[in-house]
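Since the structure comes first, as structure tokens, the remarks are kept for the end.
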Amino acid sequence: MTATVPTRRAGRTVRRSSPGAARGPRRTGRIRRIGLPYLLLLPALLLELLVHLVPMVIGMVMSFKELTQFYIRDWGAAPWSGLDNYRMSVDFDAPVGKALLHSFFVTVGFTLLSVGLCWLLGTAAAVCMQDTFRGRGLLRALFLVPYALPVYAAVITWVFMFQHDNGLVNHVLHDQLHLTDKPSFWLIGDNSFWALLTVSVWKGWPFAFLIVMAGLQNIPRELYEAAALDGAGMRQQIRRITLPSLRPVNQVLVLVLFLWTFNDFNTPYVLFGKAAPEAADLISVHIYQASFVTWNFGTGSAMSVLLLLFLLVVTGGYLLLTSRGRRASDV
């Protein structure tokens with residue numbers, strides 16, 4: 001109940017609420033306002049727990065078990081193997097560890113080239129699209145088509161283009177431009193790495209273009225006008241204004257591209273199938289083969305945990321270096 005204190009003013013009695021009594025409803029309303037956002041986030045947090053964290057924990061448990069095809073029906077009954085799966089994965093003198101190390105090096109080289117080319121093409125296209133000209137909107141929309149297409153539809157189209165006998169790539173390179181002596185095999189052998197890199201860059205650079213183009217909108221045009229009046233050319237403007245202003249955007253962009261490319265499974269799987277060529281044996285497909293082809297889920301889970309630890313270390317180190325660089329530039 002709200003306590004009131006009677007007071008007499010100008011011949012009439014006015015009832016005034018006491019401060020202590022009004023504090024209770026205010027506090028209750030404040031708690032409701034603060035707790036409502038967390039209550040609205042609760043369904044999303046539960047779904048995140050079910051979709052990501054629970055399978056991650058189960059995978060970690062599986063990595064300590066001798067889980068093979070003999071225990072598929074009841075994987076909980078599989079015997080514990082301790083750290084044997086991890087020892088087998090990092091034993092680089094044994095066939096399993098040697099194959100995993102080769103796949104790791106292939107993935108690192110592929111990721112560095114893909115991320116670098118995606119960032120370079122995306123940044124160059126975004127800078128060129130800054131000036132107003134006729135057809136700029138149409139070009140922007142066309143540049144985003146590879147990013148908007150479904151992955152499977154786009155990669156299957158590239159599979160037909162890379163065919164040896166009737167593919168468009170060999171038709172252009174060999175039949176029309178005469179750059180090769182004979183039609184090349186793009187989906188097997190050493191050329192498979194370059195075919196995978198081409199598809200990855202074609203699919204990923206529009207995302208870099210979109211992010212960089214959004215970052216360029218925050219750079220005042222007055223800076224470029226002042227630089228032009230001072231005699232700075234296009235190269236100096238990009239070096240002194242554009243790139244320093246895009247540093248926070250590029251830091252996030254490079255990290256996201258690195259994680260997406262390093263973990264990419266859809267592109268090599270659709271492009272090559274279950275058995276990727278040795279030159280394009282990415283670690284995501286390698287772990288899939290170790291788990292679902294050889295039916296050794298314990299070893300495959302151990303490889304997945306090792307991959308997770310590697311990405312966590314790389315991400316933490318990258319964030320630490322970029323934060324230090326940001327502090328140094330601010331000083």
Side-chain angles (χ1 to χ4, degrees), residues 102-103 105-131 133-210 212-213 234-235 238 257-258 260-262 264-286:
H102 173 267
S103 177
F105 285 138
V106 171
T107 308
V108 170
F110 165 76
T111 303
L112 293 178
L113 288 175
S114 179
V115 172
L117 290 175
C118 286
W119 177 84
L120 182 61
L121 293 176
T123 303
V127 171
C128 293
M129 291 293 107
Q130 281 300 105
D131 296 332
F133 58 89
R134 181 176 297 180
R136 185 180 66 168
L138 178 61
L139 281 179
R140 285 180 175 180
L142 291 177
F143 286 167
L144 295 176
V145 167
Y147 181 69
L149 284 177
V151 177
Y152 289 92
V155 178
I156 288 175
T157 303
W158 278 101
V159 171
F160 286 104
M161 293 173 61
F162 281 130
Q163 292 298 317
H164 176 264
D165 297 327
N166 53 4
L168 179 62
V169 176
N170 280 335
H171 177 70
V172 173
L173 295 180
H174 177 69
D175 298 337
Q176 294 185 347
L177 301 179
H178 304 288
L179 296 178
T180 58
D181 297 334
K182 56 182 179 180
S184 304
F185 290 94
W186 293 100
L187 300 179
I188 59 175
D190 295 337
N191 289 333
S192 59
F193 178 85
W194 304 110
L196 179 61
L197 181 63
T198 301
V199 178
S200 177
V201 172
W202 176 85
K203 183 172 60 70
W205 80 268
F207 175 75
F209 164 72
L210 181 65
V212 174
M213 185 173 60
M234 185 67 176
R235 182 180 302 178
I238 294 175
L257 287 176
F258 174 81
W260 283 359
T261 307
F262 207 96
D264 190 13
F265 173 79
N266 296 328
T267 302
Y269 183 79
V270 178
L271 198 62
F272 305 115
K274 296 181 179 179
E278 185 178 0
D281 185 22
L282 298 187
I283 197 168
S284 58
V285 181
H286 187 85

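Dense packing is recorded around CG of Asp175, with more than 12 heavy atoms of other residues, nucleotides or ligands lying under 6.0 Å away. Counting heavy-atom neighbours within 6.0 Å of Phe265 CZ, excluding the residue itself, gives a total above 12. Crowding of Asn266 atom CG: a count of heavy atoms from other residues, nucleotides or ligands under 6.0 Å exceeding 12. Residue Glu278 places its CD atom among 12 or fewer non-hydrogen atoms of other residues, nucleotides or ligands, all under 6.0 Å distant.
Looking only at atom types and distance, the side chain of Asn170 has no donor-acceptor partner in the side chain of His174 under 3.5 Å away. Of the N and O atoms on the side chains of Asp264 and Thr267, at least one donor lies less than 3.5 Å from an acceptor on the other residue. One side chain, Ser114 or Ser200, offers a donor N or O that lies under 3.5 Å from an acceptor on the other.
Taking CG of Leu197 as the start and OG of Ser192 as the end, the distance is 11.5 Å to the nearest 0.5 Å. Taken from NE2 in His102 to CG in Asp281, the straight-line distance is 7.0 Å, to the nearest 0.5 Å. Taking NE2 from His171 and CG from Asn166, the interatomic distance works out to 11.0 Å, rounded to the nearest 0.5 Å. The structure places CG of Leu271 at 12.0 Å from CH2 of Trp186, a figure rounded to the nearest 0.5 Å. Here the straight-line distance linking atom OH of Tyr269 with atom CZ of Phe272 works out to 14.0 Å at 0.5 Å rounding. Considering NE2 of His164 and CG of Asn191, their distance stands at 10.5 Å, rounded to 0.5 Å.
Within the 4.5 Å cutoff, no side-chain heavy atoms of Phe110 are placed close to those of Phe262.
Between Pro206 and Pro146 the shortest heavy-atom distance is CG-CB, 3.8 Å. The nearest pair of heavy atoms linking Thr107 to Ile283 is OG1-N, 2.8 Å. Here the shortest heavy-atom pairing between Pro277 and Leu187 reads CG-O, 3.5 Å.
For an aromatic pair to be called close, the ring centres must be under 6.0 Å apart, and Trp202 with Trp158 satisfies this.
For the pairing with Tyr147, the ring pair (Phe, Tyr, Trp, His ring centres under 6.0 Å) check across Trp260, Phe209, Phe207 returns one residue only, Phe207.
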